[in-house]
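These notes concern the structure reproduced below.
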Protein chains: 2
Amino acid sequence: MLKCEPPSERVLAQGAGQCPDCKRINEVLARVGDRWSVLVIISLAQYGTLRFNELKRNLGISQRMLSRTLQELARDGLVHRKQYPTIPPKVEYTLTNMGESFREPVNALGIWALENLTNIDEARASYDEVAD
Amino acid sequence: MLKCEPPSERVLAQGAGQCPDCKRINEVLARVGDRWSVLVIISLAQYGTLRFNELKRNLGISQRMLSRTLQELARDGLVHRKQYPTIPPKVEYTLTNMGESFREPVNALGIWALENLTNIDEARASYDEVAD
DNA sequence: CGGTATCCGAACCGATACTG
DNA sequence: CAGTATCGGTTCGGATACCG
């Protein structure tokens, strides 16, 4: 079970100012927690291998953001990039083992998201209605 | 299982430009997918009830961001806000039923994050080393 | 095809000061 | 105690143009 406890005196003295677990979770989410990363991983988890423009078409992401996202994911060891030195160039992306292991928690999150989108919309509508 | 498929001709014709599931997942992640929301939910899941400054201390979040995050979570129906009209004021936050249901996927994500932080750091170091 | 480079407005987010 | 208001630096992210 995750813990989210107040920082110890010692940690506070170092100026950290947050619970150790939260700090670490925060670090990881800062790396792989953004929306595009999650969607890229979902796509690769489903198809196994995809080329740059296939991902671009599927996700509706801009070229710049896809390029940046894939670079980050490759650097973090979640995605493998295979380049064929042909003309025109061909680059294939797949999940690494760590990327595969990320698939399950991400899938759980995605399924929850799909199941609760309408609930959230309803809660919003009701909240905003009261605010009138 | 989540699907991430190219948009249909019809969807493309409407200018959507991304797969329906991804679009919806994106919408939900835009609401509850940011780091502070996740950490607030982890905290409340552990403690049940927390006051504003308790959350602030635990998470190392700024006052402004905590205020905004809690407002959003309350509006989206994930967090319940109970205010006592005393002086000084006292406000308690708890998870709603939907917030509780979010706990499991979030917990899976948090555990993965803790387990893989060092892996990611190593992958980064090795990636950056090659780039020299 | 698979990028990179540049621009630019929008959003994020912490720091600080102030309020009931 | 539990916020709100304002400021300013950083990042996000699309649009466009160009390259090998």
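Sequence lines set the chain letters: A, B, ... in the order given, protein chains first and strands last, and positions in each chain run from 1.
A straight line from NZ of B/Lys56 to P of D/dC1 spans 10 Å, rounded to a whole angstrom. With rounding to whole Å, B/Gln63 atom CD is found 13 Å from C/dA17 atom P. For the pair B/Leu66 CG and C/dA15 C1', the interatomic distance rounds to 16 Å; values are reported in whole Å. Taking atom CG of A/Asp34 as the reference point, atom C1' of D/dC12 lies 10 Å away to the nearest angstrom. As rounded to whole Å, 14 Å separates atom P of D/dC1 from atom CG of B/Leu50. Between the CG atom of B/Leu55 and the P atom of D/dC1 there is a distance of 13 Å, given to the nearest Å. Note: CD (A/Glu72) to P (C/dG3) measures 15 Å, nearest angstrom. Rounded to whole Å, the distance from CZ on B/Arg35 to P on D/dC12 is 9 Å.
With D/dG14, C/dG14, C/dC1 as the choices, the nucleotide that has an atom nearest any side-chain atom of A/Met65 turns out to be D/dG14. Taking every side-chain heavy atom of B/Ser67 into account, D/dG3 is the closest of C/dG3, D/dA2, D/dG3.
Distances shorter than 4.0 Å separate none of the side-chain N or O atoms of A/Trp36 from OP1 or OP2 on D/dT11. Under 4.0 angstrom from either OP1 or OP2 of D/dC1 there lies no side-chain N or O belonging to B/Arg51. Between B/Arg68 and D/dT4 there is no side-chain polar atom (N or O) within less than 4.0 angstrom of OP1 or OP2.
Of the residues in residues 82-95 of chain B, those with a non-hydrogen atom less than 4.0 angstrom from any atom of DNA chain C are B/Pro89.
Residues A/Tyr93 and A/Glu54 bring no donor and acceptor atom of their side chains to less than 3.5 Å of each other. When only modelled atom types and interatomic distance are considered, A/Thr118 and A/Asp121 share no side-chain donor-acceptor pair under 3.5 Å.
One distance of note links CD of B/Glu104 with CG of B/Leu109; it measures 13.0 Å at 0.5 Å rounding.
If you check every strand for non-hydrogen atoms under 4.0 Å, B/Gln71 touches sugar and phosphate atoms only.
For CG of A/Asn53, the number of neighbouring non-hydrogen atoms (other residues, nucleotides, ligands) closer than 6.0 Å is greater than 12.
Applying the side-chain contact (heavy atoms from CB on, under 4.5 Å) test between B/His80 and each of B/Leu73, B/Thr94, B/Leu44 identifies B/Thr94 as the sole match.
Put simply, the side chain of A/Ser43 never gets that close to the backbone of A/Val40: no donor and acceptor are under 3.5 Å apart.
Smallest separation of non-hydrogen atoms from B/Ile41 and B/Gly99: CG2-O, 4.5 Å.
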